[in-house]
> 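Below is a structure I'd like to ask you about.
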Amino acid sequence: MHNKTITELSAGLKAGDFSSEELTNSFLQRIEEHGETLNCFVTVSGKEALEAARVADGLIAKGEGGVLTGIPMAHKDIFCTKGFKTSCGSKMLDNFISPYDATVVSRLAAAGMVSLGKLNMDEFAMGSSNETSYYGAVKNPWDTNCVPGGSSGGSAAAVAARLVPIATGTDTGGSIRQPASFCGITGLKPTYGTVSRFGMIAFASSLDQAGPMTRSAEDAALVLQAMAGFDPNDSTSLENSVPDYSAELNKELTGLKIGLPKEFFEEGLDNEVAKAVEAAVEEYRKLGAEVKEISLPNMDLSVPAYYVVAPAECSANLSRFDGVRYGYRCENPENLEDLYSRSRGEGFGAEVKRRIMIGAYALSAGYYDAYYLKAQQVRKLISEDFKKAFEEVDLIMGPTAPSTAFGIGEKTDDPLSMYLSDIFTIGVNLAGIPAMSIPAGFVKSKPVGLQLIGNYFSEGRLLNAAHRYQQVTEWHKGVPAEFE
Ligand code: GLN
């Protein structure tokens, strides 16, 4: 059962081949068997999942279920879940039980999905390897000596190892796409504002966006459909109506104009990854697409601009964790200042502290113009690059990451080289446009991701292009040997 797609599972549930309770039990069993090896779950909520599954079975029996009713899933531990620990991968929130559900959580529950628990992640979503988590590193199911990518590493590992059919993720600078690439799954970061950020613990509010992490584009379309849509609780939520994503999946790609940014294929890109990406692009040619080289001249500025904007926003967002209202509080504080500084000093990990310090520095009087304002100007240039490119082409393609999954511990002492693993993903967040990563081959038995980038609101077209590719290739069907 664990290798079936949502569509197949849904058909099985409707036909009575198995119940949601049986399905949920079988995934819970897989989590029990493999969850510890991968360290991908922070919380498993088996009892509540089985209760939800029985409710779903009741709806299905009455013919009232939708396509997602009774399908198991799990949430990145950045989404608030009422009555459950929501840790955000941090000691700071290790004792935090959320009093409410994030909109993403309530929408997927309303669609009948059965949550099996919460997934490990980099602390406050800061990281590219899932090694900054308070709960320890997550392992890549394709090679347990390697990282799964980050920050949605628990989500990617769990989906790749078939411990859950789909998971939620968030992407501030690549955190859905890069782990999807490293773990050989499909990940979609929607246009900024498409999915509500209410109840999603904030890292960098102008960049954060939630999306589905699945095994196929077809599944991603179904889950995005339920996640997306206006939410009065999020002032940056778009008031656009949600299109029928699944309806666009099968459109022909004849005449689709694809741009390959030359900046994505320069120095720094692994040769074998480049070959896999080129072979994938060749497949698109066969599907009728026209391919041309384009340029995104300011792309080399995306990482430096991001590492000013994101830390600046995080330093403000994380100021709420002060040991007073909720979260970690130090023992026996001597006075208020001691309470603040020790609670934060003991509650946050090293990477989070580094970002808060960079952000506070960049926003401080005298440096604001030189750093923050400059970074915002660069952000505008990057958006303009994409805007110009989309006057010429319909989609942009390239690698999701410069390499396949790297070894655990390989980059932990070198933050700069860690930051550069997001060099192809970060520009997309700065511009606010949608992008996907889909499996496109293997290098030395480790998955390679192809990145598809679209103009604002082109999720339908992205899913269509991804789906057509998945109909003529098998890369997305690969299962890591130990998890078959
Ligand atoms: N790896 C990037 C960072 O460390 C992006 C993280 C993310 O998208 N949440 O900030």
Side-chain angles (χ1 to χ4, degrees), residues 75-79 88-90 119-133 137-138 147-156 167-183 187-190 192 195 197 200-213 302-315 317-318 348-359 362 375 379 400-403 405-406 410-412 414-437 449 451 453:
H75 287 291
K76 182 176 183 181
D77 209 11
I78 197 167
F79 293 98
C88 220
S90 182
L119 295 157
N120 203 345
M121 55 180 283
D122 277 302
E123 186 177 6
F124 285 102
M126 298 174 198
S128 311
S129 66
N130 221 119
E131 292 167 294
T132 72
S133 169
V138 172
V147 305
S151 64
S152 312
S155 304
T168 52
T170 63
D171 192 313
T172 304
S175 279
I176 288 177
R177 289 161 287 155
Q178 184 255 23
S181 167
F182 281 12
C183 290
L188 167 63
K189 181 209 95 78
Y192 182 80
V195 176
R197 290 184 299 110
M200 184 176 116
I201 295 172
F203 163 12
S205 312
S206 75
L207 303 162
D208 297 341
Q209 185 59 196
M213 299 181 74
S302 64
V303 172
Y306 172 88
Y307 277 97
V308 172
V309 173
E313 294 184 16
C314 102
S315 76
N317 275 327
L318 270 60
F348 289 136
E351 183 60 28
V352 172
K353 286 181 196 163
R354 177 162 32 237
R355 306 272 180 119
I356 292 174
M357 284 191 283
I358 296 172
R379 184 173 186 175
T400 305
S403 70
F406 46 86
E410 201 180 306
K411 293 185 196 262
T412 37
D414 185 358
L416 276 186
S417 99
M418 188 75 91
Y419 295 172
L420 286 173
S421 66
D422 297 313
I423 186 148
F424 303 134
T425 49
I426 275 177
V428 161
N429 300 75
L430 289 169
I433 53 182
M436 288 185 81
S437 179
Q451 187 174 203
I453 304 173

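Since we're looking at a predicted model, the values are computed, not measured. All ligand and atom numbering here is 1-based and tracks the order in the structure. Atoms considered below: every heavy atom in the structure, side chains included; atoms not considered: hydrogens, waters and symmetry mates.
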> F203 heavy atoms, cut-off 4.0 Å: which ligand 1 atoms fall inside?
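So the answer, numbered in order with elements, is 9 (N), 10 (O).
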> For ligand 1, is there an N or O atom under 3.5 Å from any N or O atom of D171?
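No; the residue has no nitrogen or oxygen that sits under 3.5 Å from a nitrogen or oxygen of the ligand.
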> For the residue pair L119 and A167, what are the closest heavy atoms and their distance?
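Shortest heavy-atom separation between L119 and A167 comes out as CD1-CB, 3.6 Å.
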> Would you mind telling me which of L430, I423, T425 makes a side-chain contact (heavy atoms from CB on, under 4.5 Å) with V303?
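Passing option: I423.
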> With a 4.5 Å cut-off on side-chain heavy atoms, are L207 and R379 touching?
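Yes, their side chains come closer than 4.5 Å.
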> Test your reading of the structure: does G174 have an N or O sitting under 3.5 Å from an N or O of ligand 1?
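There is such a contact, yes.
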> Below a 4.0 angstrom heavy-atom separation, can you tell me which part of T172, side chain or backbone, both or neither, approaches ligand 1?
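The answer is both, backbone and side chain.
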> Find all atoms of ligand 1 within a distance of less than 4.0 Å from any non-hydrogen atom belonging to S151, and give their numbers and elements.
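So the answer, numbered in order with elements, is 9 (N).
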> Numbering the atoms of ligand 1 from 1, which are under 4.0 Å from a heavy atom of G173?
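Those of ligand 1 that fall under 4.0 Å from G173 are 5 (C), 7 (C), 8 (O).
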> Report yes if the side chains of R355 and F124 come closer than 4.5 Å at any heavy-atom pair, otherwise no.
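The answer is no; the side chains never approach within 4.5 Å.
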> For atom 6 (C) of ligand 1, which protein heavy atom lies nearest, and how many Å away is it?
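Looking only at protein heavy atoms, the one closest to atom 6 (C) of ligand 1 is S175 OG, 2.9 Å.
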> Is it true that the side chains of Q178 and S128 contain a donor and an acceptor less than 3.5 Å apart?
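Not at all, the side chains of Q178 and S128 share no donor-acceptor pair under 3.5 Å.
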> Heavy-atom pairs closer than 4.0 Å: do any link ligand 1 to the side chain of Y307, the backbone, both, or neither?
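Side chain only; the backbone of Y307 stays clear of ligand 1.
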> Take every heavy atom of Q178, measure it against each atom of ligand 1, and state whether any distance is under 4.0 Å.
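Not so, Q178 does not reach ligand 1.
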> Can you find a non-hydrogen atom of A310 under 4.0 Å from ligand 1?
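No.
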> Regarding ligand 1, does R355 bring an N or O atom to under 3.5 Å of one of the ligand's N or O atoms?
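In this structure, R355 places an N or O atom under 3.5 Å from an N or O of ligand 1.
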> Which residue in the set K189, K76, R177, R197 passes salt bridge (Lys or Arg N to Asp or Glu O under 4.0 Å) when paired with D171?
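Only one of K189, K76, R177, R197 forms a salt bridge (Lys or Arg N to Asp or Glu O under 4.0 Å) with D171, namely R177.
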> With a 4.5 Å heavy-atom cut-off, do N120 and D77 have their side chains touching?
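Not touching, per the 4.5 Å side-chain cut-off.
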> Under 3.5 Å, is there a donor-acceptor pair linking the side chains of D208 and T170?
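No, no side-chain donor-acceptor contact under 3.5 Å.
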> Counting both backbone and side chain atoms, is some N or O of Y306 under 3.5 Å from an N or O of ligand 1?
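Such a contact does occur with ligand 1.
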> Got a donor-acceptor contact below 3.5 angstrom from the T132 side chain to the V352 backbone?
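Such a contact is absent between T132 side chain and V352 backbone.
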> Starting from atom 1 (N) of ligand 1, find the nearest protein heavy-atom neighbour and note its residue, name and distance.
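For atom 1 (N) of ligand 1, the nearest protein heavy atom comes out as D422 OD2, 2.5 Å.
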> Looking only at heavy atoms, which two atoms of V138 and P148 are closest? And how far apart?
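For V138 and P148, the tightest heavy-atom pair comes out as O-CD, 3.1 Å.
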> I'd like to check which ligand 1 atoms, numbered from 1 as shown, lie under 4.0 Å from a non-hydrogen atom of G127.
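Those qualifying, in numeric order: 1 (N), 2 (C), 3 (C), 4 (O), 6 (C).
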> Does an N or O from A125, backbone or side chain, lie closer than 3.5 Å to an N or O of ligand 1?
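Such a contact does occur with ligand 1.
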